[in-house]
2 protein chains.
Amino acid sequence: MLVRQDLSYFFMGKKVIRIKDIAEKAQVSTGTVDRVIHNRGRVAEDVKERVNSIIKQLNYEPNLMARVLSSRKTFNIAALIPDHKIDAYWSAPKSGIKKAESEFRAYGTKIEYYTFNPYKVESFVKKADELTKEKPDAIILSPIFYKETLPFFEKWKSQNIPFVLFNTEIHEYDPLSYIGQDSYQSGLIAAKLIHYGNPDPSTFLVAHIDEGTANAAHLEKKEQGFRDYFEQNSLSDYQIIRAELNTAQLSSFLNAFDTILRENPELKGIYVTTSKAHEIANLLQQKHIRTLKIVGYDLVSKNIKLLNNGMISFLINQHPKGQGYWSVSHLVDHLIFKKEVPMLKYLPLDIVTKENLNYYLDSDE
Amino acid sequence: MLVRQDLSYFFMGKKVIRIKDIAEKAQVSTGTVDRVIHNRGRVAEDVKERVNSIIKQLNYEPNLMARVLSSRKTFNIAALIPDHKIDAYWSAPKSGIKKAESEFRAYGTKIEYYTFNPYKVESFVKKADELTKEKPDAIILSPIFYKETLPFFEKWKSQNIPFVLFNTEIHEYDPLSYIGQDSYQSGLIAAKLIHYGNPDPSTFLVAHIDEGTANAAHLEKKEQGFRDYFEQNSLSDYQIIRAELNTAQLSSFLNAFDTILRENPELKGIYVTTSKAHEIANLLQQKHIRTLKIVGYDLVSKNIKLLNNGMISFLINQHPKGQGYWSVSHLVDHLIFKKEVPMLKYLPLDIVTKENLNYYLDSDE
DNA sequence: TTTGTTTGTGTGTTCGGACACGCAAATATA
DNA sequence: TATATTTGCGTGTCCGAACACACAAACAAA
């Protein structure tokens, strides 16, 4: 008969501590140590303290492999996200979620998708209701409807279901974690880029296109960052104007834009705070106007085309794929590995030109 | 007595395949399946085929947790890297390696560091010799000395020790993987940035500072990218000049630079292809020249200071930390998880301004 | 005092895979 | 033919942690 002896092995000169080692040192059984670790009760107070102090002293770190393997739970994560068939932007976060899903599948995570129409509140509420009924172990969502989301937060909170937000930040009922971009900083960057390309005093337009109240806070922060750049650098001879445009009503959109062009002959740059820079760029292309610098957001295909032909100067990439990925990753760290996860994770803001576009298109963060 | 029955559990509707399941279906024992999987021989040919076809058919994916847990090997990885006390640039890759080390410690990886003086070949050779004697399970290195590295590659190759290169690319004796930046593309980007800020025809300087032959290929590629940008965009009325400067001999450096300034009154921008943009920026600051746009590389503290006060317009970040991290990560994927790893990984090129600097300073990729 | 419940602790099985060993049958060598 | 060796396959233990269960002692209720 084979008996491999108890190695209690060493790693980098240090003994690797197992529950068994703690048990021996504390003169109790592994079961007791386990009960202490998981606070499952049924342990005498003095023993508990003794074990805990030994755990601390030996700097015990549980073996995650063994933990995952032995407690073979499956965690159901619900992802409440906008339908990418309706707004292409959302395909990136989804692919990030999918990437994480496949990476963490082995740990027993399962993701159920609830997709809603980003332009219809009812659709959001309906899906959120469905999801809540299923009582998932955790939730990922982009709460683009502020008012309607709050009651759900309350419910999840009371049911102790952790949720992670991405893309859109809501502070109330603190989520486990928020993954997103720093809108204010991105406004600063946009300003820098536009200013850098137009060193002489002129007029710049901040255009909020096609996003109503849903993202209002974000857009405001972006605009504030943009304006503050000029303020901070004492560039008071630059004029910043703003416009809210909606391409749904095409003719009024065209009119409004024409008016802006007419009334601002000194206009040299446009900062589009949403992913709709292509709407403006297309228009300018049709009008054969090539003197305006456009800075926009997000690597959606329509933007990419116009970045490549030079109509758009820069796109700021908010790592939408990374947002999806990290949302899941944080949840897995929390649920499975019981790690502390940061409450806030701002993803980097990448400045994308046609020259470095390739990296961001299929970067697998 | 408790008997938990064999669950052969389901996940997302699909049965999760274990060795046991394969064994049952193939009417053999798990030991046999194991021998097939690991090609340990001692299996009849027909059985082997049967098992293999079932593995394929059921799309068996080994449980990595279980694998790591049961085969409790420790892998010794040797990291051969330049001393960051001599050149600050190298602290970033090292911190990336350390990050990966702590992340993968649980999988049984141990990293031994061999640091050499990046300015002394002998130092490199000595450390490489030491390392080779230790017969590590894998090697990570930045082969900044081309000629001297080749014999080691040969040796490691013959000893079947996989090695990963980062930062500096050498094609011969193909490494397991190369992690680095696309120098040519970064030249293009630099050109775009400098041109964007100087739309009117003028002169630009490509300055190679303080790096001799070690990085020659890289620097050439950068310059080529820079020049090609103007070519591709038919900007033939821009003049591109080049200079190789060495700050070690200070007076000749100053003289050379003065000459350049004197002879090129139309000079509007400087592209520093190394991490030494601060040398130029400092000089210009002393001379109170603020009309030149400088684009350089790497977030070393001296550069950061000058980025923040506006002397340097942009820094291109080559993700040095990520290079270290991904080197280890690829090795772990290969050694432990037996995954396919890409032969080439170009990390993104980030355009850093003082506005988005924060993200890159402690971004934990 | 007897019976029931709570508290404290130890034991044994399991997760999926790796590998050492046992052992019979087939084949080779004497 | 007797003895060695190789080949093919099964069994059992272990990795470290989780958790179900067994069971004695302490305490409470009858």
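Because the structure is a prediction, the values reported are computed rather than measured. In what follows, chains carry the letters A, B, and so on, assigned in the order in which the sequence lines appear, proteins first and then strands, with residues in each chain numbered from 1.
- At a threshold of 4.0 angstrom between heavy atoms, the contacts of I19(A) are confined to the sugar-phosphate backbone, with no base atom among them.
- Positionally, the nearest nucleotide of DNA chain C for L69(A) lies more toward the 5' end than for the other of G31(B) and L69(A).
- Looking at V51(B) and Y60(B), their side chains never come closer than 4.5 Å, going by heavy atoms from C-beta outward.
- When the P atom of dG16(D) is taken as reference, atom CE of M65(A) falls 12 Å away, rounded to whole Å.
- Look at NZ on K20(A): it is 8 Å from P on dG16(D), rounded to the nearest Å.
- For T32(B), the listed nucleotide lying nearest its side chain is dG10(D); candidates were dG16(C), dG10(D), dT11(C).
- Separating the CD1 atom of I17(A) from the P atom of dA17(D) is a distance of 10 Å, rounded to the nearest angstrom.
- Distance, L64(A) CG to dA17(D) P: 10 Å, rounded to whole Å.
- Taking every side-chain heavy atom of S70(A) into account, dG16(D) is the closest of dC9(D), dA18(C), dG16(D).
- The salt bridge (Lys or Arg N to Asp or Glu O under 4.0 Å) pairs that include a residue from residues 37-57 of chain B are D34(B)-R40(B), where partners are two or more places apart or lie in different chains.
- In this structure, CZ of R67(A) is placed 8 Å from C1' of dA17(D), rounded to the nearest angstrom.
- Out of dG10(C), dG10(D), dA17(D), the shortest distance to the side chain of R35(A) is found at dG10(C).
- Across T132(B), L131(B), I139(B), a single residue satisfies side chain to side chain contact (heavy atoms under 4.5 Å, CB included) together with I161(B), and that is I139(B).
- Checking side-chain atoms of S329(B) against main-chain N and O of Y325(B) turns up no donor-acceptor pair under 3.5 Å.
- Looking at heavy-atom distances under 4.0 Å, V68(A) makes no contact with the nucleic acid at all.
- Atom CD in Q27(B) sits about 13 Å away from atom P in dC9(D), given to the nearest Å.
- For the pair D34(B) CG and dG17(C) P, the interatomic distance rounds to 10 Å; values are reported in whole Å.
- For Q159(B), the CD atom counts as densely surrounded, since its 6.0 Å shell holds more than 12 non-hydrogen atoms of other residues, nucleotides or ligands.
- Between W156(B) and F152(B), the ring planes lie tilted relative to each other; the angle falls in the 30° to 60° range.
- Regarding I336(B), its CD1 atom lies at a distance of 15 Å from the C1' atom of dG17(C), rounded to whole Å.
- A heavy atom lying under 4.0 Å from DNA chain D marks the following residues of residues 36-54 of chain B, by number: R42(B), V43(B), A44(B), V47(B).
- S71(B) has no side-chain polar atom (N or O) that falls below the 4.0 Å cut-off from OP1 or OP2 of dG17(C).
- In this structure, the side chain of D137(A) engages the main chain of N76(A) through a donor-acceptor pair within 3.5 Å.
- Here dG17(C) is the nucleotide among dA18(D), dT9(C), dG17(C) with the atom lying nearest to any side-chain atom of A66(B).
- Considering only side-chain N and O atoms, Y60(B) lies under 4.0 angstrom from the phosphate OP1 or OP2 of dG17(C).
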